[in-house]
Amino acid sequence: QPVTKRSELPNGTGMTKWKIGIIGGSGLYQLDALENAQWVEVGTPWGKPSDALLTGTIAGAECVFMPRHGRGHVIGPSHLNYRANIDALKRLGVTDVVSISAVGSLAENMAPGDFVVVDQFIDRTIARTKSFFGDGVVAHVSMADPVCPRLSALAAEAAEAVGAKVHRGATYLAMEGPQFSTRAESQLYRQWGAHIIGMTAMPEAKLAREAELPYALVGMVTDYDCWRENEAPVEVEAVIAQLMANAEKGRNLVAHLIASLPAEREASPIDNVLDFAMITDPAKRDPALVAMLDAVAGRVLKSSPTEG
């Protein structure tokens with residue numbers, strides 16, 4: 001599959017237009033509110049994304065939708081090509097990313113049907129490639145504050161506006177899966193201070209930060225995991241039923257969020273995080289990896305020529 005040419009992106013200064021990328025998790029496979037909707041195949045140096053990307057507008061604002069697991073839910077959490085997914089969004093000129101994800105609750109007050117806007121993560125995944133960078137081009141981005149507070153606040157306001165019960169600020173435990181937790185694990189994660197649990201936020205959030213994309217995650221609670229000892233453990237059938245109940249609010253959230261964006265997008269500090277992250281001497285950079293990073297890091301790499 002040929003690699004799609006990288007879109008020209010704003011340089012992180014001044015005011016620009018929004019172009020929101022929506023990553024739809026379990027139960028959210030399309031956006032009915034999109035006008036001029038078109039599925040676009042995007043090639044990346046990292047392989048194929050989960051599916052084609054649905055481009056269009058809502059209230060005049062551009063957005064790009066990606067079904068994380070593919071239409072029909074055909075790709076499991078450990079086999080998602082997270083790098084290709086984030087690269088494809090960046091390649092199409094997305095400025096900010098909102099993830100809509102199905103999650104289990106580890107907190108009594110976060111009930112099935114509630115929406116949770118995340119502000120922290122604990123990464124327990126073990127079988128996934130977690131960075132665009134590596135031998136030949138080394139970079140270290142800060143993940144101390146892993147989500148964009150501006151985008152998270154806008155997402156929370158949109159969720160409340162469409163009638164969801166919203167919890168602002170929570171820690172998401174990212175587990176490998178695809179199996180659900182044991183009771184011992186579920187209890188341990190509660191002791192660690194995690195509030196919700198899912199299988200896809202990592203390395204998605206880390207890769208979004210490396211791609212200089214402000215990221216927010218809205219978790220749609222489907223179940224109480226298995227820490228409640230007097231209740232039956234989570235089963236897929238119950239999860240699917242709650243997914244369907246959540247899905248319409250999830251779609252409405254996205255439509256309201258995009259329609260309510262400020263007319264102009266002020267620059268975010270996240271737009272330029274690679275200015276302070278690149279550590280490899282420009283003369284020692286691997287030209288092959290530099291070429292693969294054209295969308296993700298071209299803004300900083302193209303200004304520093306490499307030598308073979």
Side-chain angles (χ1 to χ4, degrees), residues 18 20-34 54 56 58-59 61 63-69 73 96-121 146-174 190 193-201 204-205 208 214-225 227-228 231 234 236-262:
W18 298 87
I20 301 291
I22 305 295
I23 302 178
S26 301
L28 191 61
Y29 306 113
Q30 62 184 26
L31 284 183
D32 299 332
L34 274 181
L54 186 62
I58 294 177
C63 56
V64 179
F65 175 75
M66 168 174 287
R68 183 189 283 116
H69 297 279
H73 205 115
D96 303 76
V97 174
V98 177
S99 166
I100 311 293
S101 300
V103 297
S105 173
L106 299 171
E108 188 70 49
N109 67 322
M110 297 180 182
D114 291 0
F115 282 28
V116 183
V117 181
V118 171
D119 62 359
Q120 283 293 332
F121 299 97
V147 303
C148 171
R150 174 175 69 182
L151 193 60
S152 296
L154 290 168
E157 290 165 8
E160 290 171 342
V162 301
K165 181 178 179 181
V166 179
H167 304 269
R168 298 177 183 236
T171 296
Y172 177 123
L173 189 293
R190 278 169 49 81
H195 301 96
I196 57 176
I197 184 167
M199 300 179 186
T200 55
E204 187 175 272
Y215 179 90
L217 188 145
V218 180
M220 302 187 299
V221 179
T222 60
D223 58 86
Y224 273 115
D225 202 42
W227 56 273
R228 284 173 145 199
E231 290 191 8
V234 57
V236 168
E237 183 180 12
V239 169
I240 290 175
Q242 188 62 58
L243 280 175
M244 296 304 102
N246 290 345
E248 183 176 0
K249 280 185 182 176
R251 288 190 290 269
N252 291 341
L253 180 165
V254 171
H256 192 279
L257 167 65
I258 295 173
S260 62
L261 290 172

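Closest heavy-atom contact between A33 and I58: O-CG1, 3.8 Å. Of all heavy-atom pairs between L151 and P214, the closest is CD2-O, 3.7 Å. Here the closest heavy-atom approach between residue L257 and residue A155 is recorded as CD1-N, 3.9 Å. Residues P149 and V147 share a closest heavy-atom pair of CD-O, 3.4 Å. Annotation for G250 and F115: closest pair N-CZ, 4.0 Å, computed over non-hydrogen atoms. For G193 against T171, the heavy-atom pair with the smallest separation is O-CB, 3.9 Å.
Using a 4.5 Å cut-off on side-chain heavy atoms (C-beta onward), N252 and E248 make contact. Taking 4.5 Å as the limit, every side-chain heavy atom of H195 sits out of range of all side-chain heavy atoms of H167. Side chains of W18 and P262 form a contact here, defined as non-hydrogen atoms less than 4.5 Å apart. For the pair S99/Y215, a side-chain contact is recorded, criterion being any heavy-atom separation below 4.5 Å from C-beta on.
Distance alone, capped at 3.5 Å, is enough to place a donor-acceptor pair between the D119 side chain and the A170 backbone. Within the 3.5 Å criterion, the main-chain N or O of V103 finds a donor-acceptor partner in the side chain of T222. Although no hydrogens or angles enter the test, the distance criterion places no donor-acceptor pair under 3.5 Å between the side chain of S105 and the main chain of V221.
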**OP:** Before giving the answer on side chain to side chain contact (heavy atoms under 4.5 Å, CB included), spell out for T200 and Y172 the whole-Å C-alpha distance, their side-chain angles and the decisive distance to 0.1 Å.
**Re:** CA-CA 10 Å; T200 55; Y172 177 123; 4.0 Å; yes
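The salt bridge (charged side-chain N to carboxylate O under 4.0 Å, His left out) search around R168 returns E160, not counting sequence neighbours. For E157, there are no salt bridge (charged side-chain N to carboxylate O under 4.0 Å, His left out) partners at least two apart in sequence or on another chain.
Note that the CD1 atom of I22 and the CZ atom of R68 stand 11.0 Å from one another [nearest 0.5 Å]. Atom CG of D114 and atom CG of N109 lie 8.0 Å apart (nearest 0.5 Å). Here the CD1 atom belonging to I197 is positioned 7.5 Å from the CE atom belonging to M199, to the nearest 0.5 angstrom. Taking CD of E204 as the reference point, atom CG of L217 lies at 7.0 Å (rounded to 0.5 Å). Taking CG of D96 as the reference point, atom CG of L154 lies at 9.0 Å (rounded to 0.5 Å).
Each of L34, I100, I20 was checked for a side-chain contact (heavy atoms from CB on, under 4.5 Å) with V254, and the lone residue meeting it is I100.
Y224 and W227 have perpendicular rings, their planes meeting at more than 60° on a 0 to 90° scale where under 30° would count as parallel.
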